[in-house]
Amino acid sequence: MRVFVTGASGAIGTRLVPQLIARGHEVVGTYRSAGSRERLAALRAEPILLDLLDPGAVRKAVFESEPEAIVHEATALADVKFSRNLDRSFVETNLLRTKGTDNLIAAAREAGVPRFVAQSGASFGRYAREGGPVKTEDDPLDPNPVDGMSETAAAIWYLDRAVTEAGGIALRYGAFYGAANDGLLEPVRKRQFPIVGDGDGIFSWIHLDDAAAATVLALEHDGPAIYNIVDDDPAPVREWLPLLADALGAKPPRHVPAWLARRIAGEAVVMMGTDGRGASNAKAKRELGWTPRYPSWRQGFAEVYAKPIGSTATQIPTPA
């Protein structure tokens, strides 16, 4: 299959391209930044410079590439500076998830591309903060995102709806880890990422390689569909954060009350740390035939961060 991958030079893209090629697919990969062309060529993808917010350019690229499938992995999170208002940090990424998605779907429809898979998110307050701690794809999303997250939540919701209405598959990835420059590592090493309150907020993690493997399998299935792509072990911050610090050789995380974290870091950080919900991967495992190589972040953190790893760029935590 000839696969058109947007964001092919990014965190998950550079894991996805080799897996697609190993599966026997041809890959056309888009990029925007200097140096990415050479990176994609080294991965044996056909590089294309593309602005996804330019509908004419997107149409031209899709028609000239003649793909049989499109995988939309584009974000603008590399080197982004996160603030207490996540919507400000995600302005460009939100445009890629709305206008960029629309441009790709329109081009795919006109060119007759039958398969479309896109990056969505299952973590960081995506699901409604009610009921049990672990949610399935059928559970409601949070109808009232906290201050500083409403635009980002709306953009991801928009992507889910647009992709599935077009007959495609939206993959709700968990929090990524597995790269040498994961954005969470330095704050944890410097004890700048605390346990807020009782640390009850649930995180669902996913190793980048496992996320890529699930994406390859999703291409071989018909839509419309939504899948949570997370590991088997959703866990509260009070459990995973001390173990991550230990894996990094850092001192244990600090504890701060919610009122102080709210004043310093904002409402979104408090919500994620105290009230966020995790996600179940049962549907993806059952329907895609996917089994994560790292079934738990417990194994993954210890193995990945205890030895040198590649420099694939990613930023976490992000409400992907």
Side-chain angles (χ1 to χ4, degrees), residues 3 5 7 10-23 25 71 73 75 117-124 126-127 132-139 169-180 182-185 201-221 223 225-237 239-241 243-244 247-248 276-307 309-310 312-320:
V3 185
V5 180
I12 187 170
T14 50
R15 309 296 180 107
L16 176 60
V17 169
Q19 292 194 37
L20 287 170
I21 291 173
R23 193 83 165 182
H25 301 298
V71 180
E73 299 284 1
T75 64
V117 175
Q119 176 184 154
S120 181
S123 55
F124 308 116
R126 183 75 200 281
Y127 286 103
V134 180
K135 304 299 184 179
T136 73
E137 295 85 349
D138 293 329
D139 284 312
I169 295 176
L171 300 180
R172 291 178 177 169
Y173 298 123
F176 289 141
Y177 74 96
D182 286 334
L184 192 58
L185 302 188
I202 306 295
F203 275 51
S204 282
W205 294 93
I206 188 68
H207 190 285
L208 286 162
D209 289 339
D210 283 331
T215 307
V216 173
L217 292 173
L219 273 176
E220 300 170 3
H221 286 72
I226 294 175
Y227 296 102
N228 292 331
I229 305 301
V230 298
D231 72 15
D232 300 345
D233 191 12
V237 177
E239 288 187 18
W240 65 257
L241 184 52
L243 291 182
L244 176 57
L248 295 172
R277 297 308 200 258
S280 166
N281 64 11
K283 181 181 177 182
K285 293 173 76 174
R286 180 179 66 250
E287 296 188 8
L288 300 181
W290 169 68
T291 301
R293 175 185 174 189
Y294 296 96
S296 171
W297 52 269
R298 300 172 199 269
Q299 168 201 4
F301 288 175
E303 182 174 331
V304 171
Y305 297 125
K307 63 182 181 181
I309 56 177
T312 304
T314 187
Q315 291 283 341
I316 58 174
T318 67

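Numbers for residues simply follow the sequence, beginning at 1. Since this is a predicted model, take the numbers as computed values, not measurements.
Interatomic distance, NE2 of H207 versus CD of E303, reported as 7.5 Å (0.5 Å rounding). Residue E220 holds its CD atom at 6.0 Å from CG of L217, rounded to the nearest 0.5 Å. Residue I226 holds its CD1 atom at 4.5 Å from CZ of R172, rounded to the nearest 0.5 Å. With rounding to the nearest 0.5 Å, the separation of CG in D182 from CG in L248 is 9.5 Å. Rounding to the nearest 0.5 Å places CD1 of I202 at 13.0 Å from OG of S123. The distance from the CG atom of N228 to the NZ atom of K135 is 12.0 Å, given to the nearest 0.5 Å.
Counting all heavy atoms, side chain and backbone alike, A211 lies closest to I12 at CB-CD1, 3.6 Å.
Checked for salt-bridge contact, K285 and D232 meet the test: a charged N lies under 4.0 Å from a carboxylate O.
For N281 (side chain) and D231 (main-chain N/O), a donor-acceptor pair under 3.5 Å exists by modelled atom type.
Note: F301 and W240 have perpendicular aromatic rings, judged against thresholds of 30 and 60 degrees for the angle between ring planes.
Aromatic ring centroids of W297 and F203 lie 6.0 Å or more apart.
Among L208, D210, D209, the one residue that satisfies the side-chain contact (heavy atoms from CB on, under 4.5 Å) test with I206 is D210.
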